[in-house]
Participant: 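To start, I am sharing the structure in question, which I have written as structure tokens.
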Amino acid sequence: MKIDVEEILKKFKDKEILVICGGTSSEREVSLRSGRNVYKALLKWNLNVRILEIEKDFISEIQKARPFDVVFNILHGKPGEDGTVQGFLDLLGVPYTGSSVLGSAIGMNKIVSKKIFESEGIPTPPYVTIYHYEDFEEKLKEAEEKFGYPMMLKPKDEGSSIGVSICRSREEVVKNYKENKERFKDFFLEKYIKGKIITTGILGTGKRAFALPILELRPLKSEFYDYTAKYTKGETEFILPAELSPELEKEVKRLSLKAHLALECRGFSRVDGLVSEKGEPYILEVNTLPGMTDLSDLPAEAKAYGMSYEELVLFILNTAFD
């Protein structure tokens, strides 16, 4: 899909654009890197843009930054990615990039996302919830009987693989859970499926949404695509496009697009998944505000599609009115 650069620039030439990034989540530093890149890209288009690096109180800080006509939201993690900031911007009547309150909230909640995947016939690894009000021992026993070891322990609503661990024994699950339960509160245990780690960028909304080339991620030191592998140069080998058969590539794109639509995502997202050693595709989660750093997956996929970083940013900006 070729974007109409002149038409988009004409639409935004008289608008005040505010890029918001930073925030108070564990993903603050990644968000700052993303936001600064987006800001520079919009400046290259000679648009009227400012950047707001949120420090503490997003409500007062955004209010002080007014007036502006549209927000480019690249606040990773809470409260910028879970629907909270989206709801505030809705109250202000200001259009913004990315998914709405509903899509953002569901995308952040990995358990609800998986329930929707199941209802939509989208394959996702078997799992067992561990809500803070549930009996940990009973839930662990359920997971052991359902899929056994190794298994993944994941927080319900964190990003960038923060708090995620591979557990190969009951002792490891107990240790990692106890170390993190106060910080993350709710978790789920998920069957560990060995295979290719893949991610698929989706651009657009509704019927206009389309999948970008699939990226295969091969961590060089980590067992899975953890925070270090994601944001440290040289830690991961990127295979783009992924080494998949034409049939499997088509199926992964279909499932990724279906996941994007099932969660009612808007504008852009990144759908993370894997392909088992038997060639079975699984969808893990949908990231409704994927990173836009120099090492991020979505810009790399867009480049492979034939879209420069600056064109990608302009495309996303234009979806604020979808």
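Basis for what follows: all heavy atoms, side chains included, without hydrogens, waters or symmetry-related copies. No experiment lies behind these values; they were computed from the predicted model shown. For reference, positions follow the sequence shown, starting with 1.
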Participant: Are V128 and M151 in one and the same hydrophobic cluster, where Ile, Leu, Val, Met, Phe, Trp and Tyr link if side-chain heavy atoms are under 4.5 Å apart?
Facilitator: yes
Participant: How close do T24 and P79 get, heavy atom to heavy atom, and via which atoms?
Facilitator: OG1-CD, 4.2 Å
Participant: To the nearest 0.5 Å, how far apart are CD1 in I74 and CZ in R33?
Facilitator: 12.5 Å
Participant: Would you say N180's side chain and R183's backbone share a donor-acceptor pair under 3.5 angstrom?
Facilitator: no
Participant: In the structure I gave you, are the side-chain heavy atoms of K13 and N48 within less than 4.5 Å of one another anywhere?
Facilitator: no
Participant: Could I get the full list of side-chain hydrogen bond (donor to acceptor under 3.5 Å, both in side chains) partners for K156, not counting sequence neighbours?
Facilitator: D186
Participant: Same cluster or not: are M307 and V271 linked, directly or through other Ile, Leu, Val, Met, Phe, Trp or Tyr residues, by side-chain heavy atoms under 4.5 angstrom apart?
Facilitator: no
Participant: How far does CG of L263 sit from CD1 of I202, to the nearest 0.5 angstrom?
Facilitator: 12.0 Å
Participant: Measure up the F12 and F321 rings against each other and bin them: parallel (under 30°), tilted (30 to 60°), perpendicular (over 60°).
Facilitator: tilted
Participant: Is there a donor-acceptor contact under 3.5 Å from the side chain of E301 to the main chain of G201?
Facilitator: yes
Participant: Which heavy-atom pair separates S269 from H260 by the least distance, and what is that distance?
Facilitator: OG-ND1, 2.7 Å
Participant: Mark yes or no for whether T319, through its side chain, and G204, through its backbone, hold a donor-acceptor pair below 3.5 Å.
Facilitator: no
Participant: Judged by atom type as modelled, is there a donor-acceptor pair below 3.5 Å linking the side chain of T97 to the main-chain atoms of N73?
Facilitator: yes
Participant: Taking the side chain as every heavy atom from C-beta outward, state whether L312 and P299 have any pair of such atoms under 4.5 Å apart.
Facilitator: yes
Participant: Return each pair, listed once, that meets salt bridge (Lys or Arg N to Asp or Glu O under 4.0 Å) where at least one residue sits in residues 53-70; pairs must be two or more places apart or across chains.
Facilitator: R28-E55, R36-E53
Participant: Hey, could you give me the CG/NZ distance between L317 and K11, rounded to the nearest 0.5 Å?
Facilitator: 8.5 Å
Participant: With rounding to the nearest 0.5 Å, note down the distance linking CE in M152 to CG in N176.
Facilitator: 10.0 Å
Participant: When you group the ILVMFWY residues by side-chain heavy-atom contacts below 4.5 Å and let the links chain together, are L92 and I20 in the same group?
Facilitator: yes
Participant: Considering non-hydrogen atoms only, spot the tightest contact between L203 and F268 and give its length.
Facilitator: CD2-CB, 3.8 Å
Participant: Using a 3.5 Å distance criterion without hydrogens, assess whether the side chain of Y309 forms a donor-acceptor pair with backbone atoms of M292.
Facilitator: yes
Participant: Between T293 and S296, is a side chain to side chain donor-acceptor pair (under 3.5 Å) present by the stated rule, with each step listed?
Facilitator: CA-CA 5 Å; T293 73; S296 293; 2.8 Å; yes
Participant: How close do N318 and D322 get, counting heavy atoms only, and between which atoms?
Facilitator: O-OD1, 4.3 Å
Participant: Begin with the C-alpha distance, continue with both residues' side-chain angles, and end with the deciding distance and a verdict on ring pair (Phe, Tyr, Trp, His ring centres under 6.0 Å) for F72 and Y96.
Facilitator: CA-CA 6 Å; F72 196 115; Y96 52 89; over 10 Å; no
Participant: Sequence neighbours excluded, which residues qualify as salt bridge (charged side-chain N to carboxylate O under 4.0 Å, His left out) partners of K44?
Facilitator: E310
Participant: Charged N to carboxylate O under 4.0 angstrom, K185 versus D157?
Facilitator: no
Participant: Could you check whether any side-chain heavy atom of L284 comes within less than 4.5 Å of a side-chain heavy atom of E190, counting everything from C-beta outward?
Facilitator: yes
Participant: Run the side-chain contact (heavy atoms from CB on, under 4.5 Å) check on V313 and N37 step by step: do they pass?
Facilitator: CA-CA 9 Å; V313 169; N37 280 2; over 6 Å; no
Participant: For residues A300 and L240, report the shortest heavy-atom separation together with the two atoms involved.
Facilitator: O-CD2, 3.1 Å
Participant: Give every residue pair that meets the salt bridge (Lys or Arg N to Asp or Glu O under 4.0 Å) criterion with at least one member in residues 136-151, sequence neighbours excluded.
Facilitator: E134-K139, E137-R170, K139-E142, E144-R170
Participant: Quick one: CG on L257 to OG1 on T200, what's the gap to the nearest 0.5 Å?
Facilitator: 10.0 Å
Participant: Count I, L, V, M, F, W, Y as connected when their side-chain heavy atoms are under 4.5 Å apart, and connections chain through other members. Are I130 and V173 then in the same cluster?
Facilitator: yes
Participant: Report yes or no: does Q86 contribute a side-chain atom to a donor-acceptor pair with the main-chain N or O of G83 at less than 3.5 Å?
Facilitator: yes
Participant: May I ask you to test the F187-K154 pair for a side-chain heavy-atom distance under 4.5 Å?
Facilitator: no
Participant: Indicate yes or no: at least one non-hydrogen side-chain atom of S308 is less than 4.5 angstrom from one of K303.
Facilitator: no
Participant: Hey, is the main chain of I283 close enough, under 3.5 Å, to the side chain of T124 for a donor-acceptor pair?
Facilitator: yes
Participant: Return yes when atom NZ of K40 has more than 12 non-hydrogen atoms of other residues, nucleotides or ligands closer than 6.0 Å, and no otherwise.
Facilitator: no
Participant: Please tell me whether I51 and L75 are part of a single hydrophobic cluster in this structure, the criterion being side-chain heavy atoms less than 4.5 Å apart.
Facilitator: no
Participant: Does the side chain of I106 reach to within under 4.5 Å of the side chain of S113, using non-hydrogen atoms?
Facilitator: yes
Participant: Quick check: do V85 and V71 have side-chain heavy atoms less than 4.5 Å from each other?
Facilitator: no
Participant: List the steps and the verdict of side-chain contact (heavy atoms from CB on, under 4.5 Å) for F68 and L52.
Facilitator: CA-CA 12 Å; F68 47 82; L52 172 62; over 6 Å; no
Participant: So which pairs with a foot in residues 242-255 pass salt bridge (Lys or Arg N to Asp or Glu O under 4.0 Å), sequence neighbours left out?
Facilitator: R218-E243, E249-K253, E251-R254
Participant: Evaluate I198 against L215 for side-chain contact (heavy atoms from CB on, under 4.5 Å), listing each step before the verdict.
Facilitator: CA-CA 6 Å; I198 55 172; L215 172 63; over 6 Å; no
Participant: Would you find a donor on one side and an acceptor on the other, under 3.5 Å apart, between the side chain of R266 and the backbone of S100?
Facilitator: no
Participant: Do W45 and I8 have side chains that get closer than 4.5 Å, going by heavy atoms?
Facilitator: no
Participant: Quick one: hydrophobic cluster around F188, which other residues, with the 4.5 Å side-chain cut-off, linked directly or via members?
Facilitator: I111, Y127, Y131, Y133
Participant: Give the C-alpha distance, both sets of side-chain angles, the deciding distance and a yes or no for side chain to side chain donor-acceptor pair (under 3.5 Å) between D272 and N287.
Facilitator: CA-CA 8 Å; D272 296 339; N287 188 320; 5.3 Å; no
Participant: Side chain to side chain donor-acceptor pair (under 3.5 Å) between R270 and T199: does it pass, once the steps are laid out?
Facilitator: CA-CA 7 Å; R270 194 195 69 233; T199 183; 3.2 Å; yes
Participant: Quick one: closest heavy-atom pair of L289 and G80, and the distance?
Facilitator: CD1-O, 3.5 Å
Participant: Is K175 salt-bridged to E179, cutoff N-O under 4.0 Å?
Facilitator: yes
Participant: Do the side chain of S256 and the main chain of V252 share a donor and acceptor less than 3.5 angstrom apart?
Facilitator: yes
Participant: Under 3.5 Å, is there a donor-acceptor pair linking the side chains of S25 and K78?
Facilitator: no
Participant: For the CD atom on E264, are there more than 12 heavy atoms of other groups (residues, nucleotides or ligands in this structure) within a distance under 6.0 Å?
Facilitator: no
Participant: Rounded to the nearest 0.5 Å, how far apart are CG of L91 and CD1 of I59?
Facilitator: 9.0 Å
Participant: Apply side-chain contact (heavy atoms from CB on, under 4.5 Å) to the pair H76 and S34, showing each step before the final yes or no.
Facilitator: CA-CA 9 Å; H76 303 318; S34 291; 3.0 Å; yes
Participant: Can you tell me if S31 uses its side chain to pair, donor with acceptor, with the backbone of G22 under 3.5 Å?
Facilitator: yes
